[in-house]
Amino acid sequence: MNRIVMHIDVNNAFLSWTAVYLLTQGSKYDIRKSYAVIGGDESSRRGIVLAKSDSSKKLGIITGETLYSARKKCPSLRTYPMNYEFYQKMSNMLFCLIKTYSPDIEIASIDECYLEYTKVRNLYGDELEFAKKLQKEVYEKLGFTINIGIANNKLCAKMASDFTKPNKIHTLYDNEIKDKMWCLPINDLFGIGKKTTEKLLQLNIKTIGELANSNRNNLYKYFKNMAGAMIDSANGINNDLVISEEVENKGLSNEITLIKDVSSKQDIYPYLLKLSEKVGIRVRKMDKYAYTVAVIIKDSSFKRRTHQKKLVNPTNLNNEIYEVSKKIINEMWNDDPVRLIGIRLDNLVSNINYQTSLFENIKIRENNTELEKTVDKLKEKFGDKVIH
DNA sequence: TCTGGGGTCCTAGGACCC
DNA sequence: TCTGGGGTCCTAGGACCC
């Protein structure tokens with residue numbers, strides 16, 4: 001029997017969820033039916049479109065563009081702020097509902113997941129009928145619409161859920177790939193972004209079909225090891241499994257766009273301190289230690305740079321992260337204006353094997369970790385200001 | 001009052017070792 | 001006396017995704 005995989009995707013997730021939120025707050029007005037977007041805060045230089053309604057989309061507004069530019073396309077545009085906590089709640093409710101049918105789902109992001117249907121087909125029958133029922137149930141219980149893609153593997157299911165929106169179900173079985181996918185422009189293929197699209201167009205490869213039938217050796221010259229994977233994708237070939245266990249993050253980062261460009265060490269240090277605390281809390285919560293600390297900066301022309309340091313002994317202490325990040329910024333930065341600053345922790349491990357520390361030092365560090373964890377809990381309970 | 005924040009994976013070069 | 005080849009680790013940057 002053929003494998004059956006579904007990809008389930010919330011339509012305009014952030015905007016739909018804010019619409020649901022406003023309706024539960026008694027609003028009589030559904031922002032999904034108007035010229036609306038979810039946008040960042042312009043006064044703190046985060047003014048971009050994060051999600052848009054279908055009518056905004058029809059006017060050419062795209063995710064990622066500035067609100068300034070979106071407003072030029074639609075002067076009457078209404079913008080709403082993010083409500084991340086509520087989004088997380090809606091996301092959890094959606095996945096819980098889907099899990100009542102099968103535990104075999106992979107959460108791919110806050111608003112999409114894969115469902116391995118092969119094993120439960122005996123239970124629920126025809127996949128198309130099942131998808132219709134699921135779609136209806138989600139709308140009735142949670143108040144928003146989803147797209148469902150049905151195919152014989154993850155990639156094709158993902159492609160299918162993206163065909164037309166909203167509230168649609170599409171199939172892209174192996175025998176439909178030529179008809180339904182090969183006519184699409186090359187940038188519609190999952191994994192092909194802006195840069196690769198530009199290169200492919202230069203080679204006169206414009207559609208997924210043209211990529212599917214390209215010469216492997218020829219493409220190898222331009223894309224190296226990527227070439228084979230690209231051609232396979234274009235042919236709808238994909239063997240990825242639906243992985244239901246939650247995989248732990250490989251690393252974690254926090255970054256912040258500054259209200260104003262900063263060009264002195266003294267002004268950047270307080271941000272580094274704040275970020276050290278933020279990533280510190282997160283890594284301690286995971287019960288992990290980081291071997292690598294990286295500092296990320298974005299300059300006034302939006303060029304990103306990173307520098308990192310590998311530690312002899314991994315850490316999860318605010319103060320150690322802060323001291324290392326100060327060292328890094330001093331090495332990498334000569335006070336040119338900076339727009340964004342971030343800290344990333346990588347090479348996370350669960351256990352510490354101290355290479356150089358004496359027993360007493362280990363004791364002290366373990367005590368510090370315990371102390372900081374206690375502070376984390378107090379802050380969580382009573383707010384940031386409880387301890388100075 | 002122009003351009004977010006959080007991730008993943010891959011590549012290429014240099015250092016170092018045998 | 002005149003330069004191989006393979007492997008690993010580390011670093012910086014790029015591409016992509018939501």
Side-chain angles (χ1 to χ4, degrees), chain A residues 7 9-15 17 37-52 61-73 79 81-82 84 87-88 91 107-113 154-155 158-159 161-162 186-200 222-230 233 240 243 246-261 275 278-279 282 291-312 328 331-332 339-348:
Chain A
H7 181 256
D9 197 304
V10 178
N11 297 132
N12 309 333
F14 288 0
L15 189 116
W17 288 337
V37 295
I38 305 301
D41 176 24
E42 283 174 294
S43 61
S44 55
R45 305 204 293 183
R46 293 165 175 80
I48 61 162
V49 174
L50 296 155
K52 61 219 175 285
I61 292 171
I62 55 172
T63 303
E65 80 175 310
T66 59
L67 293 174
Y68 175 82
S69 138
R71 238 180 260 111
K72 279 205 270 189
K73 294 173 184 171
T79 70
M82 286 251 276
Y84 203 78
Y87 299 164
Q88 198 60 64
S91 171
I107 294 168
S109 76
I110 192 165
D111 69 340
E112 57 177 312
C113 69
K154 280 171 77 179
L155 174 79
K158 167 92 182 161
M159 293 300 296
S161 73
D162 208 37
I186 194 69
N187 54 304
D188 278 6
L189 185 60
F190 185 67
I192 304 292
K194 207 172 152 219
K195 298 287 174 180
T196 311
T197 300
E198 280 169 21
K199 281 199 207 170
L200 286 169
Y222 301 95
F223 299 101
K224 293 285 153 61
N225 295 332
M226 296 285 295
M230 278 165 48
S233 289
D240 292 348
I243 297 167
E246 281 197 34
V247 231
E248 289 221 307
N249 285 354
K250 302 262 166 72
L252 58 93
S253 65
N254 280 98
E255 46 189 54
I256 182 167
T257 293
L258 311 175
I259 308 260
K260 263 171 51 185
D261 285 1
L275 289 164
K278 264 185 141 175
V279 293
R282 291 175 63 195
Y291 263 113
T292 308
V293 176
V295 172
I296 305 128
I297 57 176
K298 183 150 81 174
D299 66 21
S300 42
S301 51
F302 286 79
K303 178 103 185 128
R304 285 175 80 97
R305 284 174 52 213
T306 65
H307 267 248
Q308 63 184 55
K309 264 196 195 308
K310 174 113 190 181
L311 311 177
V312 178
I328 297 173
E331 285 172 17
M332 75 188 288
R339 178 188 173 88
L340 167 146
I341 178 116
I343 297 184
R344 178 166 179 81
L345 303 181
D346 265 309
N347 290 302
L348 306 184

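To find a chain, count down the sequence lines: A is the first, B the second, and so on, and within it residues start at 1. Computed over heavy atoms, backbone and side chain alike; hydrogens, waters and symmetry mates excluded.
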query: Considering only side-chain heavy atoms of A:S109, which listed nucleotide, B:dC2, B:dT8, C:dC18, is closest?
result: C:dC18
- prompt: Quick one: A:D346 CG to B:dT8 P, roughly how many Å, whole number?
  reply: 8 Å
message: What's A:L340 touching, base or sugar-phosphate or nothing? Going by heavy atoms closer than 4.0 Å.
response: sugar-phosphate
Just the atom pairs and distances: protein N or O near nucleotides 5-7 of chain C's N or O, under 3.5 Å.
none

statement: Tested for side chain to side chain contact (heavy atoms under 4.5 Å, CB included) against A:Y291, the lone hit among A:V312, A:N347, A:D346, A:L348 is A:N347
query: According to a strict under-4.0 Å criterion, is A:N225 in side-chain N/O contact with OP1 or OP2 of B:dT11?
result: yes
message: Once you apply a heavy-atom cut-off of 4.0 Å, does A:T63 come out as touching a base, just sugar-phosphate, or nothing?
response: nothing
message: From the set C:dT11, B:dT8, B:dA12, return the single nucleotide nearest to any side-chain atom of A:K310.
response: C:dT11
query: Taking OP1 and OP2 of C:dT11, is either one under 4.0 Å from a side-chain nitrogen or oxygen of A:H307?
result: no
task: Could you check whether A:R339 gets within reach of a base, just the sugar-phosphate, or nothing at all, counting any heavy atom under 4.0 Å?
output: sugar-phosphate
- request: Measure from the side chain of A:K158, starting at C-beta and using heavy atoms only, and say which of C:dC18, B:dG4, B:dT3 lies closest.
  value: C:dC18
message: Suppose you measure atom C1' in C:dG4 against the same atom in B:dC16; what distance do you get, rounded to whole Å?
response: 16 Å
query: Base, sugar-phosphate alone, or nothing: which one does A:K303 contact when heavy atoms must sit under 4.0 Å apart?
result: sugar-phosphate
query: Could you give the NZ-to-P distance, from A:K52 to C:dC18, as a whole number of Å?
result: 11 Å
task: Classify the nucleic acid contact of A:S253 as base, sugar-phosphate or nothing, counting any heavy atom under 4.0 Å across all strands shown.
output: sugar-phosphate
- request: May I have the distance from A:E198 (atom CD) to C:dC16 (atom P), rounded to whole angstrom?
  value: 9 Å
- request: Look at the side chain of A:S43 and decide which nucleotide, out of B:dG4, C:dC17, B:dT1, has an atom nearest to it.
  value: B:dT1
- request: Indicate, with a heavy-atom threshold strictly under 4.0 Å, whether A:T292 touches base, sugar-phosphate, or nothing.
  value: nothing
message: Using a 4.0 Å heavy-atom cut-off, does A:E65 contact any base of the nucleic acid, only the sugar-phosphate backbone, or nothing at all?
response: nothing
message: Side chain of A:K250, heavy atoms from C-beta onward: which of C:dC17, B:dT8, B:dC2 has the nearest atom to it?
response: B:dT8
query: With sugar-phosphate meaning primed atoms plus P, OP1 and OP2, does A:G191 contact a base, only sugar-phosphate, or nothing at under 4.0 Å between heavy atoms?
result: sugar-phosphate
Complementary nucleotide for B:dC18 - Watson-Crick or wobble, under 3.5 Å: C:dG5
- prompt: Does A:T196 put a side-chain nitrogen or oxygen below 4.0 Å from OP1 or OP2 of C:dC16?
  reply: yes
statement: Taken to the nearest whole Å, NZ/A:K298 to P/C:dG14 is 14 Å
task: Indicate yes or no for a side-chain donor-acceptor contact from A:S91 to the backbone of A:Y87 under 3.5 Å, with no hydrogens or angles considered.
output: no
task: Give one of base, sugar-phosphate or nothing for A:I192, where a contact means two heavy atoms less than 4.0 Å apart.
output: sugar-phosphate
- prompt: Within the structure shown, what part of the strands sits under 4.0 Å from A:R45 by heavy-atom distance: base, sugar-phosphate, or nothing?
  reply: sugar-phosphate
